[in-house]
Every structure is written in C-alpha cells, then in structure tokens.
Amino acid sequence: MMETIVSFLNDIVWSWPLPVLLVISGLYFSIRMKFFQVRYIKDMVRLMLKGEKSDEGISSFQAIAVSLAGRVGTGNIVGVSTAIFIGGPGAVFWMWLIAFLGAGSAFAESTLAQVYKQREDNQYRGGPAYYLEKGLGGKFGKFYGMLFAVVTVISCGLLLPGIQANSIAGSATNAFPIDHWMVGVFVAVILALVIFGGIKSIANVATILVPFMAIIYILVAVIIVIINIQDVPALLALIFKSAFGLEQQFAGVLGAMIMIGIKRGLYSNEAGQGTGAHAAGAAEVSHPAKQGLVQSFSVYIDTLFVCTATALMILMTGMYNVSDGNDGLIIDNGVYEEAADGTKDVSGTVVYTQASIDHAFSGMESFQEGFVGFGTYFIAFALLFFCYTTILAYYYIAETNIIYITKGKMTWLKPVLGVVLIASAFYGTVSTAETAWMMGDVGVGMMAWINVIGLLILQGTVIKVFNDYERQYKLKKQGKLDGEIVYVPGDNDYKVETFWHREAVAEEIKEEYGYPDSK
C-alpha cells in the first residue's frame, strides 16, 4: 500500500514539466550571467579556500563542506548506478549537463540566501523560505515561504534520510556478516552524537570527513581510469553517442535515459532544489555573490568529479546491467545484489560500484556472488561517511526551516525533529531500496518545484547582485579598487530591510574588509 501511494506521488511530481523547468532555469541564469561558471572558475576555488568566519557565521569552506555533505552521498554512488541501469551510459551525459546548467541555479539560490539571511540563535540563518518570503513580499510571500519550509521539513526530516541509510545498510551487509537492523542501530547512535550540536558541530564534522573521503574516493577512481586508460576514448564516445540515441543498442530507452539522468543529477548536486542554500546563508562573506560562486563550484565537485568517477569505474569494468524499460535487460553482465528476501536484485544498487573496484584491485574477472574484496570494504566505509554527513546536513536544513516556521519559538521541536529523523534513518536501513528512493524523489521533486519557480520570479535580484560583484571585480583588476569586494545595497533596492542594510553591519564590513573606493 505504501509503495503504491509513494509511486503515485512520484509520477505526479516527476512528470515531464519538472525536468524541463530545471533545464530552463539553469540555462536562463547561465545565459544572463554570460556563463559565469566557466569565466569565474579560478575565483570559485580562491573564494572557497579564503573565507572568513565569526561567532555568528561559518567560513565559506565550512559552508561548502556542509553543502557537499548534503550533496555528496548515495546519489554519487548508488544514484549513478541506478542511472546507468535505467538509461545506459548516455544517462551520464545528462547528469553532466544538469550539473553545468545547475551551477546557474546554485548561484541564484545561494546568493539570495546571503542577501536575505538574518541572525537567529546567535548564528546566521538563511535559505529559500527566508528569501521567498522577503523577496516576494506581502501575504503571498509569507505563504510561499511557509509552503517551502513545511515541505522541506517533511522532505529532509522524514523522506530523504531513508535513502542514505538504506545505502549504508546495503553496502555494509555486502561487506560484513551483519543484519540490516544492526546497521540501523549503529547509524542511529552516531547520528545522535552530533545532531544535537547545531550547525557549528555539523560544520566541524563535515569539514573533516567530506573533503577527506571525496579526495580518497576520486584517487581510487583515477587509479582505475589509469589502469584502463586505453578504454577511455571509446567509453567517452559511447556516453555521447548513447545520450542522443545514436547508439542503436540504447536508442529505445532515450526518454528514460534523459529523465533518469536529470533526476539523478538533481538528486546528487541539488542545484535548484534549495537545500544547498541553507548552508550558504550561514556563511560569513563580504558580498553575497562570493558565496554564490563557491556554491556553484560545489556542483562541479559533486557531479563532474565524484559522479563521473563512479560512472567511469562502473562502465570501464563492465560491472553493470541495463534495463530494456520493461522486465528484461539490454545488457546483462550478471551483476546483482541479494535482497533481504533472498531474491536477486539486478538493478542499479551499490554492488555495481563495489564490484567495479573489486574487479580492478582484487582480480575478480567477472561478477562473483559473495566475493568480498577491497572494493566491497572501501565502498562500505565511503558510503558510511558520505551518507552520514548527508543525513547531518538534512537535519540542519530541516531545523532551519522549523526555526523559520516557529519564529525561533517552540524550541522543543528541535529535539523532536532529531528523533523523527533518526527514526526515519533507521527505517531506511530495513526497508527496500525501491521504496526509499521513491520517497526521496518525491521530497526532492516537491522542493525543486517550489524553489525553482521562486528563483525565476526573483531573478532580477540575482542578476543585480551579480552585476554589482562583476563591476567591482573589474575595478579591482584595473587597480581602481582597494580592499575586498563589498556589498552595500541602496536604500530602495529591496522591499524590506535586509541584513546588508543595517548600519552596524555596514560598519563591521568597512572595518573588517575595507570599503570600496568607487561605486
């Protein structure tokens, strides 16, 4: 019954208009800002590593770490496997495309989060609920902001944690002789240890774990690519040809390929979904566009680096199957995972990635049931760290929106949220992967619908802030601007007073960064 309801909702939320809207949004912002995601790559890296932090805010690097904690998770490993199973190699291209265009949406939502952030609980809070209410203004703005907040609490607190926990359980039970419920208890305990420490605690954990595991994971993938370097040109050609239906073998699943590529791309990099904007709003920066650029780069790290690493490992080693869209397989490499009920699951599960690394490092020439090598153990630990930090990020996002809904009152709801999220994670470890993914897709889709429409309505603010940054950036390059690029909006630039309008804040910025010589 539950699966039927979730499947029905998933079909409605993920009908064709949503992928089209996501692509249009990313393309619009990319064109309006003259493809900044290419022009400002060097600045993205510089700003990511520089950053300031204060008692109220976290650094840009901590913000991107929290954001990556939410982005780099099961979508980068299991999500890629699922995309290849449903759409074949061509689905990887559509994940790349949604990442490139999604950088525009990521900039928009993160910049708006900075523009409309505010101090609450002695720390900065921001995100779609805040900028939708203040940016849209009036009763509609309050309603729309509240709608996003409620949907986000449900999605991040209840629907999404199960996907991450399910992947942890799947990889762990493949590697070790344990039951799913044991993994559930372990996950619940380690979540409780950090969840109640707030954004500072979550940021500290994410800053250590996310970069470490991402670098190790990519290094393993690079080694496998080097081992199979002779296959790279043909593999890239296969991805591009398949993406446009030019590879006859996969032409019949072209529609499914595009849909799953966009869906899994969005789930992985979260551009336009609004989740990354919450961490962006907590950062300490001198100009909103700076955090927008940093968050845009996190989309690249997530999809163009980590997801591509996974895809290349799977495709190079042949440890995958491809569905024909019905009950059969276009490609059957005999790769499967044994489900809890003993049946063979040939779909895109974590075993694809585990088997691909085992093939490369442990001498497993073809898939062997029960084979446990380096890849099986490595992915079990990688997913534990990736998914763990992702669930922590979900808690922070849901908490931020609860504070928005209650206006900082009813503080007892925060520990209740923690209990609900931990219970959801535990349920995810013992539920089927299909149910967990459908529930997560519904949550992601609902947030994306609300947020992307809001971004398009507020596009004028995004472009105005970007133009202000670019103007000062050019002056600085010409030697006509001393000090940092600082954002000081005009009195009539916004419908409401923002964080950046306050005289005290302006004085802090002048003292800390140096005020621009030219306007």
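Please read these numbers as outputs of a predicted model, since none were measured by experiment.
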Any side-chain donor paired with an acceptor under 3.5 Å for [X] and [Y]?
X	Y	result
Asn401	His278	yes
Asn451	Gln273	no
Trp96	Thr308	yes

| task | Please report the closest heavy-atom contact between Val253 and Ile86, naming both atoms and the distance. | result |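 Val253 and Ile86 have their closest heavy atoms at CB-O, 4.2 Å.
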Does [X] use its side chain to pair, donor to acceptor, with the backbone of [Y] at less than 3.5 Å?
X	Y	answer
Tyr144	Ile450	yes
Asp358	Phe374	yes
Ser110	Gly292	no
Glu247	Ser242	no
Asn166	Gly428	yes
Ser25	Leu22	no
Asn321	Val335	yes
Ser15	Asp11	no
Asp332	Gly334	yes
Trp94	Met259	no

Indicate yes or no: at least one non-hydrogen side-chain atom of [X] is less than 4.5 angstrom from one of [Y].
X	Y	answer
Leu455	Tyr131	yes
Pro128	Glu109	no
Met316	Ser356	no

| request: Tell me whether the centres of the aromatic rings in Phe93 and Phe240 are closer together than 6.0 Å. | output: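 Yes, ring centres under 6.0 Å apart.
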| request: Would you confirm whether the ring centroid of Phe85 sits within less than 6.0 angstrom of the ring centroid of Tyr320? | output: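 No, the ring centres sit 6.0 Å or more apart.
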| query | Parallel, tilted or perpendicular: which describes the rings of Tyr300 and Phe100, with under 30° parallel and over 60° perpendicular? | reply |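 The rings of Tyr300 and Phe100 lie parallel, inter-plane angle below 30°.
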| said: Once ring pair (Phe, Tyr, Trp, His ring centres under 6.0 Å) is applied, do any residues pair with Tyr377, and if so which ones, sequence neighbours excluded? | reply: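 Partners of Tyr377 by the ring pair (Phe, Tyr, Trp, His ring centres under 6.0 Å) criterion, ordered by chain and then number, come out as Phe176.
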